[in-house]
Every structure is written in C-alpha cells, then in structure tokens.
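Since the structure comes first, as structure tokens, the remarks are kept for the end.
All values below were derived from every heavy atom in this structure, side-chain atoms included, with hydrogens, water molecules and symmetry-related copies excluded. We number each residue from 1, following the sequence as shown. Given the structure is predicted, the values throughout are model-derived calculations rather than measurements.
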Amino acid sequence: MSRPADRLLERSLRAWSLVRRYGIYEAAVVVVAFLIYFTVRSMVVGRAGEAMVRAFNLIELEQQLHIYWELRMQAWILDSYWAIKAMNWIYFWGHMPLVALLAVWLFVFHRHAYYRTRNAFLASGAIGVVIYWLFPVAPPRLVPFSGFIDTMAAFDRFGYNAQETEAFVNPFAAVPSLHFGWALLLGAVVAWVGRHPLALAFGIAWPAAMFFAVVMTGNHFILDAVFGGVVAFAGFAIALGLERAWRPIHRAIAARLPAA
C-alpha cells in the first residue's frame with residue numbers, strides 16, 4: 001500500500017475512533033434501530049385478527065402446560081392501588097428509560113462491557129422484530145373476553161395506550177417479551193461488571209420485578225417472558241460470536257497500522 005493510502009487509512013481510523021469515543025456512532029445506531037422498528041410496526045398494526053388468534057392459541061398452550069396463572073397473578077394486586085402503581089411504574093420506566101440510563105453508565109465506566117451488551121441488545125432486538133413481523137401476537141390486555149384489566153390504561157394517564165405514546169408502540173409485540181428479556185440481560189451484565197453485593201442483588205431483583213410487572217399489568221403472558229429470556233441470551237451469544245470473529249481482523253489492522 002502506498003504512503004498516501006496509509007495516511008488516508010490512518011486518518012480515517014482516527015476519525016472513527018473519535019466518533020466512537022464520544023458516542024456519535026451509538027446515537028446513529030439507535031436512530032436506525034428505531035426507524036426499523038417503526039417500519040415493522042406499520043406492517044403489523046392492521047393484523048389484529050391474526051394477533052388475537054395467536055393469543056388465544058397461547059392461552060390454550062399455557063392451559064395444557066398448567067401454567068396459565070396470569071389472571072390469578074393480576075388478582076394479587078387489584079385490591080391495592082399502590083401495588084398497581086408500582087407494577088405500572090416498573091413496566092413503563094424500567095424498560096427503555098432504565099436501559100438508556102444503564103447504557104450511559106456502561107459507556108462511561110465499563111466501555112468493553114458496553115459494546116458487548118450493545119451488540120447483544122441489537123441482535124436480540126433484531127430477532128424480536130423479525131418475530132413481531134412474522135408472528136404478531138396480542139397481549140393479554142387486548143384479548144377480548146379474557147378477563148384481564150389494562151392497569152396502565154385504568155390507573156395511569158401516561159401509558160402505552162396514551163395518545164402521547166401510541167404512535168411509538170407496537171400493540172402486537174407480545175412474543176417475545178423484550179421487557180423481561182432485556183431486564184434479565186441487564187441484570188446479568190450489572191451483576192457481572194459491578195462485582196459488588198448490591199450489583200448482584202440488582203441482577204436478581206430487577207428481572208424478577210419485571211417478570212411480575214409484565215404479567216400483572218396484563219401486558220404479557222408467562223410464555224412471552226420465557227421466550228423473551230431465550231431471545232435476549234441468543235442475542236448475547238451472537239454478540240460473543242461477533243466479538244470473537246472481530247479479534248483477528250482487529251489484530252491484523254493493528255499490525256498493519258500500529259500508529260492508528
């Protein structure tokens with residue numbers, strides 16, 4: 001390679017390093033991911049009948065497995081206003097707001113873990129979006145005559161059915177539950193990088209709290225959460241595979257251009 005080409009590549013790598021260092025690249029990734037999500041959302045919002053049939057089939061499957069406990073679990077909180085508010089709060093604010101907060105924490109203090117976790121989220125999100133597109137499923141709160149109460153609509157003005165958020169929500173993205181899957185993944189990552197009893201406690205308590213929240217608010221079936229956990233850790237496995245595949249490429253670049 002000629003020296004001008006070497007210098008051009010070196011400058012390009014340095015520019016890329018600055019883009020990554022200050023999070024510009026991460027912002028672009030988030031924007032692209034949301035554009036893809038909105039595209040898929042527009043494709044499924046008109047498939048309500050198909051989504052309802054799959055929800056009834058899921059109820060039948062849980063009944064056959066003797067794990068159709070969602071109505072009983074929701075009944076545990078219906079007599080307590082504050083228990084309902086707590087579950088609503090966990091479900092709404094414990095998803096994307098908490099993901100964003102912990103992403104910043106990882107980016108600033110645990111950069112290597114951040115990239116691995118980011119890739120796991122992107123991979124599991126991609127799997128989830130494909131499933132939402134191919135197999136839309138209605139959440140319990142939208143299944144007619146099932147007996148579920150939409151606690152967020154009934155007790156919180158700012159919920160996923162609110163006018164302010166309706167345009168950003170896919171109503172038939174029940175399977176897999178990335179609310180639970182990502183909570184499980186984040187809990188594992190925080191416990192791993194924190195290496196402190198409080199981090200371990202968070203890693204156990206937060207996924208458990210999210211599991212109860214997704215079920216008790218009428219937003220997900222138990223099997224939705226199970227599939228969400230499987231998809232989340234499938235994404236983590238993909239992230240590890242990509243990381244291992246990138247290492248020899250990185251070493252080759254470093255050997256070719258040590259200054260860059």
Anything under 30° is parallel, anything over 60° is perpendicular, the rest tilted; go ahead and classify W182 against H95.
parallel
According to the salt bridge (charged side-chain N to carboxylate O under 4.0 Å, His left out) rule, which pairs have a member within residues 210-225, sequence neighbours left out?
none
W105 side, atom CH2; L186 side, atom CG - distance, nearest 0.5 Å
10.0 Å
Is the closest side-chain heavy-atom distance between W192 and R116 below 4.5 Å?
yes
Residues forming a side-chain contact (heavy atoms from CB on, under 4.5 Å) with L65, sequence neighbours excluded:
L61, I67, L223
Contact check, side chains of H112 and E243, non-hydrogen atoms, under 4.5 Å:
yes
Would you name the heavy atoms of F233 and A188 that are closest together and state the gap between them?
CZ-CB, 4.3 Å
Calculate, to the nearest 0.5 Å, the distance between atoms NE2 and CG belonging to H220 and L178 respectively.
8.0 Å
Using salt bridge (Lys or Arg N to Asp or Glu O under 4.0 Å) as the criterion, list what pairs up with E50, not counting sequence neighbours.
R47, R54
Relative to the ring of F212, is the ring of W76 parallel (under 30°), tilted (30 to 60°) or perpendicular (over 60°)?
tilted
Got a donor-acceptor contact below 3.5 angstrom from the Y132 side chain to the A174 backbone?
no
So the salt bridge (charged side-chain N to carboxylate O under 4.0 Å, His left out) pairs with at least one residue in residues 82-110 (sequence neighbours excluded) are K85-D156
Which pairs count as salt bridge (charged side-chain N to carboxylate O under 4.0 Å, His left out) when at least one residue sits in residues 58-80, sequence neighbours excluded?
none
Considering only heavy atoms from C-beta outward, does the side chain of M73 approach that of F211 to under 4.5 Å?
yes
Sub-4.5 Å side-chain heavy-atom contact between Y91 and V214
yes
Test side-chain contact (heavy atoms from CB on, under 4.5 Å) applied to A183 - qualifying residues, sequence neighbours left out:
W206, M210
Less than 4.5 Å apart, side chain to side chain, heavy atoms only: is that true for P197 and L200?
no
